[in-house]
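Okay, structure first, notes after.
In what follows, residues are counted from 1 in the order of the sequence shown.
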Amino acid sequence: MTSPSPNNCITLAAHGSGKRVLVLTNCTNRKRQSPAPEARLGGLGESCDDPVRQWTMRLTTLTPGLPARAMYCGRAFQEAALAAQALNGDLWVASAGLGLIHADTPIPAYSATVSPGQADSVPLAPSRWFAELQARSPYAGWPALGERVLVLAALSAPYLAMLGPWLVSFAQNQPGSLRLFTRAGAAAIPIELRPYRMPYDTRLEDDTLGRAGTVGDFAQRALRDFAQSVLPENPEAGAPQHAAAVIARLRGRMAPSRPMRRSATDDEVRALIRAHWTHVLGRSTRMLRVLRDDLGVACEQGRFRDLFLEVAAERKGVRL
């Protein structure tokens with residue numbers, strides 16, 4: 001496979017290795033620019049006969065904005081970017097709306113996800129959607145994957161399902177060149193990829209490591225820990241040796257106890273935001289803390305942000 005840019009992958013020479021490092025992470029629903037209605041995947045409608053064709057035709061009409069590395073927001077993406085920076089490596093993004101994109105590629109604001117049950121969820125099986133999207137998207141490219149490449153992939157379970165067949169093919173063609181970071185359970189990981197999963201667990205939250213975070217950014221936090229604390233000490237090691245080094249790093253660490261929080265519907269969360277608006281002075285950060293710590297309600301940060309903005313617009317008399 002060829003790359004749209006021949007200089008994308010940088011070496012690990014500073015760490016005594018001639019390997020090129022490629023960091024791969026999933027996209028995020030948080031972006032610095034808001035998508036136009038025509039840039040939302042859900043706008044295709046359920047009766048569309050060829051959704052990939054219709055979607056990629058729409059992509060050709062959209063105006064590229066910021067480079068991908070500047071468009072995506074949130075800690076998960078930032079952790080992946082910092083991991084790539086620590087290794088002087090290259091950063092690629094698995095996007096449900098655009099395909100595989102290099103972090104320096106200017107992209108339009110859009111809304112698409114492989115997470116199920118969302119307004120802009122992909123209408124096909126994730127792996128099929130990816131295969132067809134990658135072939136048609138005007139923004140997609142293939143990273144250069146030669147013999148001396150090391151791919152560090154930090155993916156949520158839905159995006160692992162999307163990229164699974166491609167990663168399996170890569171792992172089979174270039175054995176030992178993949179390291180996988182994910183919270184997906186073993187059953188959700190293709191058997192061919194399981195030897196390459198780095199065995200991080202909730203002990204990553206131990207205060208002594210300084211890697212605490214949320215469930216949503218676990219894979220990327222694990223990736224960054226590996227990039228900064230494991231790989232530089234063992235640049236030529238194979239996957240079994242790297243896994244052993246991760247186990248040794250976590251030995252003696254303690255997973256913090258987590259409070260039990262109940263789930264709530266979007267309507268319930270909106271009602272709680274309205275009820276406590278004055279108490280938190282209309283500040284989203286304080287509201288999220290009240291929601292989680294005082295009210296014991298579980299709410300992923302990206303989802304909370306969207307609901308909070310809806311209530312804020314409602315209070316201003318603006319209809320989203």
*asked:* If I compare all heavy atoms of Met71 with all of Leu66, which pair ends up nearest, and what's the gap?
replied: CE-N, 3.8 Å

_Stepwise side-chain hydrogen bond (donor to acceptor under 3.5 Å, both in side chains) test for Gln174 and Arg148_ = CA-CA 9 Å; Gln174 294 177 229; Arg148 296 289 292 171; over 6 Å; no

_side chain to side chain contact (heavy atoms under 4.5 Å, CB included) partner of Leu152, chosen from Leu231, Leu24, Leu180, Leu178_ = Leu231

*Does Arg221 offer a backbone N or O that forms a donor-acceptor pair with the side chain of Arg75 under 3.5 Å?*
no

_Evaluate Arg303 against Asp266 for salt bridge (Lys or Arg N to Asp or Glu O under 4.0 Å), listing each step before the verdict._
CA-CA 9 Å; Arg303 176 190 171 215; Asp266 287 355; 2.8 Å; yes

_Just by distance, no angles: are the side chains of Thr182 and Tyr159 close enough, under 3.5 Å, to form a donor-acceptor pair?_
no

*Above 12 or not: heavy atoms from other molecules or residues under 6.0 Å from CG of Asp294?*
yes

_Closest non-hydrogen atom pair, Ala237 against Gln241_ = CB-CB, 3.7 Å

_Has Thr56 got a side-chain atom pairing as donor or acceptor with Val52's backbone, closer than 3.5 angstrom?_
yes

*Identify the residue among Ile273, Leu295, Leu272 that makes a side chain to side chain contact (heavy atoms under 4.5 Å, CB included) with Val290.*
Leu295

_With a sphere of 6.0 Å drawn around CZ of Arg286, does it hold more than 12 non-hydrogen atoms of other residues, nucleotides or ligands?_
yes

*What pair of heavy atoms forms the shortest contact from Asp206 to Met254, and how long is it?*
OD2-N, 2.6 Å

*Taking Arg270 for its side chain and Val311 for its backbone only, find out whether a donor-acceptor pair lies under 3.5 Å.*
no

*Strictly by modelled atom types, are Arg183 and Ser156 linked by a side-chain donor-acceptor pair under 3.5 Å?*
no

*Is there a path from Val149 to Leu167 through hydrophobic residues (I, L, V, M, F, W, Y) whose side chains come within less than 4.5 Å of each other?*
yes

*Which of parallel (below 30°), tilted (30 to 60°) and perpendicular (above 60°) describes Phe308 and Trp277?*
parallel

_According to a hydrophobic-cluster definition based on side-chain heavy atoms being under 4.5 Å apart (Ile, Leu, Val, Met, Phe, Trp, Tyr only), do Met162 and Val168 belong together?_
yes

*How about Trp92 and Trp142: are their ring centroids closer than 6.0 Å?*
no

*Asn88 side chain vs Ala84 backbone, donor-acceptor pair below 3.5 Å*: no

*State whether the side chain of Thr28 and the backbone N or O of Cys73 hold a donor-acceptor pair below 3.5 Å, judged by distance alone.*
yes

*Assess whether atom CD1 of Ile191 is packed by more than 12 heavy atoms of other residues, nucleotides or ligands within 6.0 Å.*
no

*Without swapping roles, check the side chain of Arg32 against the backbone of Ala70 for a donor-acceptor pair under 3.5 Å.*
yes

*Does Ser121 use its side chain to pair, donor to acceptor, with the backbone of Gln118 at less than 3.5 Å?*
yes

*asked:* Let's go through Gln220 and Thr25 carefully: what are the C-alpha distance in whole Å and the side-chain angles of both, what is the deciding distance for side-chain hydrogen bond (donor to acceptor under 3.5 Å, both in side chains) to 0.1 Å, and is it a yes or a no?
replied: CA-CA 8 Å; Gln220 289 76 18; Thr25 189; 3.1 Å; yes

*Please report the closest heavy-atom contact between Arg30 and Gly74, naming both atoms and the distance.*
NH1-CA, 3.9 Å

_Shared hydrophobic cluster, Leu82 / Tyr200 (ILVMFWY, side-chain heavy atoms < 4.5 Å)_ = no

_For His242 and Phe226, take the angle between the two ring planes, folded into 0 to 90°, and tell me which bin it lands in: parallel under 30, tilted 30 to 60, perpendicular over 60._
perpendicular

*Okay, side chain of Glu268, backbone of Thr265: is any donor-acceptor separation there less than 3.5 Å?*
yes

*Does Ala186 offer a backbone N or O that forms a donor-acceptor pair with the side chain of Arg194 under 3.5 Å?*
yes

*Could Arg136 and Asp50 be called an ion pair, given the rule that one side-chain N must be under 4.0 Å from one carboxylate O?*
yes

*Could you tell me whether a side-chain N or O of Asp90 sits under 3.5 Å from a main-chain N or O of Leu22, the two making a donor and an acceptor?*
no

*Is it true that the NZ or CZ of Lys31 lies under 6.0 Å from the centre of Tyr72's six-membered ring and within 45 degrees of the ring axis?*
no

*asked:* Check this for me, if you would: do Arg224 and Glu79 make a salt bridge, where the nitrogen-to-carboxylate-oxygen distance has to be below 4.0 angstrom?
replied: yes

*Which atoms form the tightest heavy-atom contact between Ala80 and Leu91, and what is the distance?*
O-CD1, 4.2 Å

*asked:* Quick check on Arg274: does its CZ atom have over 12 non-hydrogen neighbours (other residues, nucleotides or ligands) under 6.0 Å away?
replied: yes

*Do we see a donor-acceptor contact under 3.5 Å between the side chains of Thr208 and Arg253?*
yes

*Would you please test Asp104 and Arg69 for salt bridge (Lys or Arg N to Asp or Glu O under 4.0 Å) and show each step?*
CA-CA 6 Å; Asp104 290 333; Arg69 70 172 70 249; 2.7 Å; yes

_Verdict with reasoning, Arg211 to Asp217, per salt bridge (Lys or Arg N to Asp or Glu O under 4.0 Å)_ = CA-CA 10 Å; Arg211 305 290 188 193; Asp217 54 40; over 6 Å; no

*Write down the atom of Tyr196, the atom of Ala239, and the distance for their closest heavy-atom approach.*
CD2-CB, 3.8 Å

